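Data first, discussion second: the structure below is written as structure tokens.
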Amino acid sequence: MQTEENILNLYDSSLPELENIVQSWGQPAYRARQIYRQIYVNLADDPQAMTDLALTLREHLTTETRIGTLEVVRVQSADAGLTRKALFRLPGGAVVETVLMVYPDRATVCVSTQAGCAMGCDFCATGKLGLLRNLSPGEIVEQVLWAAREVKHLVPEASDSHPKLPQKLSNVVFMGMGEPFANYDRWWQAVERLHDPRGFNLGARNLTVSTVGLVPGILRLAEEKLPINLAISLHTAADTLRSEMMPVNRRYPIAVLMEATQTYIEKTNRRVSFEYVLLEGRNDSPEQATDLAKLVEGMLCHINLIPWNPVPGMPLSRSNRQRISTFQRILQDRGVACTVRVERGVEIAAACGQLAGVPVSSP
Ligand code: SAH
Ligand code: SF4
């Protein structure tokens, strides 16, 4: 007998897999394409709404599959509804968070690839949890579909005050909870599903992954056919400090990381982003900016400065505006492309590094 836990989640199936399933029910394979379109183009989450399918097929879908397994625990919003954070419960009980950010020219969703994270970076809320479990491809994809439905419904409501809002979800960043390269195979299946032109059809350029610096993952991504964007969390140009902030540095120190990054750039001819979280008195001095500039000089790259977002109980503080702009100027004066990330959703703990699946107490 099928239980709720082991019933097939359609978001976990590729189109060829879906074709096999449909055929096992005695239906022609092309029916799978219709289902696939319903799910990824029409964003249907109920077989009964798939009115182009025969009733018997809809019945098979209803009894033998499910469309999604995430349970919405709570949705919080900020920035006049243009930032939304969802807390989802996964089968088994762990929770993950997903953040939608709507801008005039794009709608971006930041998705989680793991519940918790094993990497233990000392400035990150997710890192404090440890790894609870990996997400399946379907669980990763479903977060994106949630956001796509939100955008569809959000835009007409907000369009009076914001006449130029995007009509569709346009970008996916794998920068939520977890380390994508520590769950590479499942994460990559999700990438392929979201890209598939027969379905959700997101361009590779609209997909961005952020890694803590797992070198095997960087080298593997360099070999993939799909040219998605790569961001690497660097946070300092000094090995001692990096090992203190990010235990992964003991395994893949900066020289090894930079060599892999250079290989990636040569193989793909693509610019990488380095993320740099700014922590007051720790990695934000003018000398540290100069060291960073020297480290990346001549590389096809861009630096993304991220003012640290507070995490309760962490004895750290974000750099002030003055220090951030000095840091940025030093990099720019040395010819390094550099921007400061505009933050969204700090008050609902939806900003980078604040995701931990815990409620935020209201003021
Ligand atoms: N595990 C991946 C992707 C998720 S974290 C990685 O580490 O790259 C996404 C980004 O948020 C990373 O650059 C991470 O270093 C940064 N980050 C973590 N905690 C943060 C915080 N409290 N404030 C701002 N950025 C933070
Ligand atoms: Fe994990 Fe990224 Fe947080 Fe580090 S910064 S603990 S890798 S989620």
Side-chain angles (χ1 to χ4, degrees), residues 96-99 101 108-135 140 143 172-184 187 190-191 207-215 217-218 221 228-236 241-252 257 261 272-280 282-284 292 301-319 324 339-358 360:
V96 291
E97 292 182 305
T98 307
V99 183
M101 293 155 286
T108 300
V109 64
C110 178
V111 308
S112 297
T113 54
Q114 299 182 307
C117 180
M119 298 295 139
C121 303
D122 76 355
F123 50 86
C124 170
T126 309
K128 287 210 294 192
L129 301 172
L131 178 64
L132 304 173
R133 79 160 168 87
N134 284 316
L135 266 59
I140 299 171
Q143 297 170 65
V172 176
V173 298
F174 299 97
M175 296 187 182
M177 295 167 75
E179 165 54 37
F181 289 173
N183 187 21
Y184 196 108
W187 162 72
V191 169
L207 294 157
T208 301
V209 65
S210 171
T211 179
V212 70
L214 289 181
V215 163
I218 295 172
L221 188 65
I228 73 165
N229 303 305
L230 174 63
I232 297 171
S233 295
L234 187 57
H235 306 327
T236 167
L241 178 58
R242 195 163 187 273
S243 294
E244 185 189 308
M245 294 170 69
M246 309 163 75
V248 72
N249 195 65
R250 294 178 209 140
R251 181 104 188 262
Y252 303 110
L257 175 61
T261 307
V272 300
S273 292
F274 288 112
E275 290 155 296
Y276 196 106
V277 168
L278 283 163
L279 288 154
E280 187 173 75
R282 203 174 188 204
N283 66 352
D284 68 343
L292 174 61
C301 75
H302 172 269
I303 306 263
N304 210 328
L305 298 175
I306 313 170
W308 183 72
N309 297 307
V311 178
M314 281 189 185
L316 301 167
S317 33
R318 64 156 52 192
S319 311
I324 295 173
T339 47
V340 180
R341 184 175 291 173
V342 181
E343 59 203 347
R344 276 286 184 101
V346 177
E347 65 273 37
I348 55 167
C352 292
Q354 293 185 312
L355 305 182
V358 287
V360 181

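Only heavy atoms go into these numbers, but all of them, side chains included; no hydrogens, no water, no symmetry mates. Every number for a ligand or one of its atoms is a count from 1 in the order of the listing. Keep in mind that this is a model prediction, so the values were computed, not measured.
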Among all protein heavy atoms, pick the one closest to atom 20 (C) of ligand 1 and tell me residue, atom and distance.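 Of every protein heavy atom, Gly353 CA, 3.2 Å lies nearest to atom 20 (C) of ligand 1.
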
Nearest to atom 16 (C) of ligand 1, what protein heavy atom do you find, and at what distance?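 Looking only at protein heavy atoms, the one closest to atom 16 (C) of ligand 1 is Val277 CG2, 4.0 Å.
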
Kindly indicate whether the side chain of Val209, heavy atoms from C-beta on, has any atom under 4.5 Å from the side chain of Asn229.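 No, too far: nothing below the 4.5 Å cut-off.
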
Under 4.5 Å between any side-chain heavy atoms of Glu179 and Asn183, yes or no?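 No, every pair of side-chain atoms sits at 4.5 Å or beyond.
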
Using distance alone, determine whether Gly178 and ligand 1 share an N or O pair under 3.5 Å.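 Yes, since at least one N or O of Gly178 sits under 3.5 Å from an N or O of ligand 1.
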
N/O separation below 3.5 Å, Ala125 to ligand 1: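 No; every N/O pair is 3.5 Å or more apart.
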
Suppose the cut-off is 2.8 Å; which protein N/O/S atoms would you list for atom 1 (Fe) of ligand 2?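 Sorted hits: Cys117 SG.
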
Can a non-hydrogen atom of Met177 be found less than 4.0 Å from any atom of ligand 1?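 Under 4.0 Å: no for Met177.
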
Are Gly176 and ligand 1 in contact, using a heavy-atom cut-off of under 4.0 Å?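 Flag set, Gly176 near ligand 1.
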
Checking side-chain polar atoms at under 3.5 Å, does Glu280 have a donor or acceptor matched by the opposite partner on Ser319?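 No.
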
Regarding Thr236 and Asn283, is there a side-chain donor-to-acceptor distance under 3.5 Å anywhere?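 There is no such pair (donor and acceptor under 3.5 Å, judged by atom type) between the side chains of Thr236 and Asn283.
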
Does the pair Glu244/Arg250 count as a salt bridge with the N-to-O cut at 4.0 Å?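 So Glu244 does not pair with Arg250 through a salt bridge.
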
Ile232, portion touching ligand 1 at heavy-atom distance under 4.0 Å: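 Neither part.
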
So which bit of Glu275 gets within less than 4.0 Å of ligand 1, heavy atoms only: side chain, backbone, both or neither?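 The side chain, only.
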
How are the rings of Tyr184 and Trp187 set to each other: parallel, tilted or perpendicular (split at 30° and 60°)?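 Judged by the thresholds at 30° and 60°, the geometry between Tyr184 and Trp187 is perpendicular.
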
